[in-house]
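Only heavy atoms go into these numbers, but all of them, side chains included; no hydrogens, no water, no symmetry mates. Predicted, not measured: the structure shown is a model, and the values here were computed from it.
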Amino acid sequence: MVLQLFGFPVSTHTKRVAVVLREKRVPFDVHPINVAAGDQKSPEYLAKQPFGQVPYIVDDGFVLYESRAICRYLAAKYADQGTPLLPSSSDLKTIALFEQAASIEQNAFDPYATKCVFEKVIFPLQGLTTNQEAYDQAHQTLDMKLAAYDQILGKQKWWNEITSRPAWLAVKDDVQSVDKY
């Protein structure tokens with residue numbers, strides 16, 4: 001049975017999972033969730049994702065939510081397929097650096113980027129008013145965090161490499177099902 005991805009197609013969290021699915025060359029069906037209409041708060045959705053957030057997957061009956069957990073699950077399950085995405089379990093220093101980078105992304109970048117997206121994209125889609133002060137504060141903090149990212153990543157060729165990958169190009173504007181590879 002093909003993997004099922006339930007998410008809001010413009011959500012960075014949904015895109016995160018879709019990129020990993022494409023990198024690992026895993027066929028999947030997308031089930032768009034209309035966040036603007038509140039579909040993620042329906043009883044049917046909450047039965048699978050009790051926090052009412054996107055995305056979640058169903059993989060042969062196994063339900064998993066939280067995009068980062070989904071990505072690690074997929075990267076491990078399909079370790080021998082597609083692009084290697086996780087460090088070797090025998091390379092402790094590389095694992096530690098991977099976990100460090102993942103923690104930085106989750107705690108120093110994502111909360112502020114998400115706040116900006118909610119204030120300027122999601123809230124207006126839901127008919128809510130943007131809180132400009134909250135947006136400005138999140139954006140200012142994000143700018144400071146990105147300056148630190150530039151110092152760390154400036155020694156690496158990362159941005160062009162990531163944003164030119166076929167998996168990213170395939171999902172950056174919309175997330176579509178993939179029948180086969």
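- Residue pairs meeting the ring pair (Phe, Tyr, Trp, His ring centres under 6.0 Å) criterion with at least one partner in residues 4-35, sequence neighbours excluded, are Phe6-His31, Phe6-Tyr56.
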Can I get a per-line list of side-chain donor-acceptor pairs under 3.5 Å for residues 174-181, giving both atom names and the distance, sequence neighbours left out?
from, atom 1, to, atom 2, distance (Å)
Asp174, OD2, Gln176, NE2, 2.3
Ser177, OG, Val30, N, 2.7

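- With sequence neighbours left out, Asp110 forms a salt bridge (charged side-chain N to carboxylate O under 4.0 Å, His left out) with Arg16, Arg68.
- Here the closest non-hydrogen pair linking Cys71 and Val20 is SG-CG2, 3.6 Å.
- The ring pair (Phe, Tyr, Trp, His ring centres under 6.0 Å) search around Phe123 returns Phe118, not counting sequence neighbours.
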Where do Leu5 and Val17 land on the side-chain contact (heavy atoms from CB on, under 4.5 Å) test, with the steps shown first?
CA-CA 8 Å; Leu5 171 60; Val17 173; 3.8 Å; yes
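- With sequence neighbours excluded, no residue forms a salt bridge (charged side-chain N to carboxylate O under 4.0 Å, His left out) with Lys120.
- The NE2 atom of His139 lies 5.0 Å from the CG atom of Asp143; values are rounded to the nearest 0.5 Å.
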side-chain contact (heavy atoms from CB on, under 4.5 Å) evaluation trace for Val35 with Val54:
CA-CA 8 Å; Val35 172; Val54 293; 4.2 Å; yes
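- Under the 4.5 Å side-chain heavy-atom criterion for ILVMFWY residues, a single connected hydrophobic cluster contains both Ile104 and Leu142.
- Residue Gln132 places its CD atom among more than 12 non-hydrogen atoms of other residues, nucleotides or ligands, all under 6.0 Å distant.
- Not counting sequence neighbours, Asp39 has no partner by the side-chain hydrogen bond (donor to acceptor under 3.5 Å, both in side chains) test.
- Here Ile70 contributes atom CD1 and Lys77 contributes atom NZ; the two are 13.0 Å apart, rounded to the nearest 0.5 Å.
- Listed here is the closest heavy atom pair of Leu64 and Ala69: CD2-O, 3.8 Å.
- Note on Val117 and Phe51: same hydrophobic cluster, where clusters join Ile, Leu, Val, Met, Phe, Trp and Tyr whose side-chain heavy atoms are under 4.5 Å apart, directly or indirectly.
- Asp80 CG: 12 or fewer foreign heavy atoms inside a 6.0 Å radius.
- When the side-chain hydrogen bond (donor to acceptor under 3.5 Å, both in side chains) test is applied to Lys115, the partners found at least two apart in sequence or on another chain are Glu119.
- Closest non-hydrogen pair, Asn107 versus Pro111, comes out as O-CG, 3.7 Å.
- Listed by first and then second residue, the salt bridge (charged side-chain N to carboxylate O under 4.0 Å, His left out) pairs that reach into residues 24-38 come to none, sequence neighbours excluded.
- Surrounding NZ of Lys41 are more than 12 heavy atoms belonging to other residues, nucleotides or ligands, all under 6.0 Å away.
- By the neighbour-count criterion of 12 heavy atoms within 6.0 Å, atom CD of Gln4 is densely surrounded, having more than that number from other residues, nucleotides or ligands.
- Atom CZ of Arg22 sits about 10.5 Å away from atom CG of Leu169, to the nearest 0.5 Å.
- A search for side-chain hydrogen bond (donor to acceptor under 3.5 Å, both in side chains) contacts involving Ser90 returns Ser88, not counting sequence neighbours.
- Under the 4.5 Å side-chain heavy-atom criterion for ILVMFWY residues, a single connected hydrophobic cluster contains both Leu125 and Tyr45.
- Residue Leu128 is grouped with residue Val10 when hydrophobic side chains (ILVMFWY) are merged at heavy-atom distances under 4.5 angstrom, including chains of intermediate members.
- Residues Pro124 and Thr130 meet the side-chain proximity criterion, which asks for heavy atoms closer than 4.5 Å.
- Remark: Phe109 engages Tyr149 in a ring pair (Phe, Tyr, Trp, His ring centres under 6.0 Å) (not counting sequence neighbours).
- Evaluation of the salt bridge (charged side-chain N to carboxylate O under 4.0 Å, His left out) test over residues 83-102, restricted to residues two or more places apart or in two chains, returns Arg72-Glu99.
- Judged as a ring pair (Phe, Tyr, Trp, His ring centres under 6.0 Å), the pairs with a partner in residues 73-97 (not counting sequence neighbours) are, in order, Phe62-Tyr73.
- Taken from CG in Asp59 to CG in Leu3, the straight-line distance is 4.5 Å, to the nearest 0.5 Å.
- In the hydrophobic cluster analysis, where Ile, Leu, Val, Met, Phe, Trp and Tyr join through side-chain heavy atoms closer than 4.5 angstrom, Ile33 is grouped together with Val63.
- Counting heavy atoms from C-beta on, the side chains of Lys48 and Tyr65 never come closer than 4.5 Å.
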Pair Glu23-Val19, side-chain contact (heavy atoms from CB on, under 4.5 Å): steps then yes or no:
CA-CA 6 Å; Glu23 289 286 354; Val19 165; 4.1 Å; yes
side-chain contact (heavy atoms from CB on, under 4.5 Å) assessment of Thr83 paired with Leu85
CA-CA 6 Å; Thr83 305; Leu85 299 176; 4.0 Å; yes
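- To the nearest 0.5 Å, the span separating OG on Ser42 from CD on Gln49 amounts to 11.0 Å.
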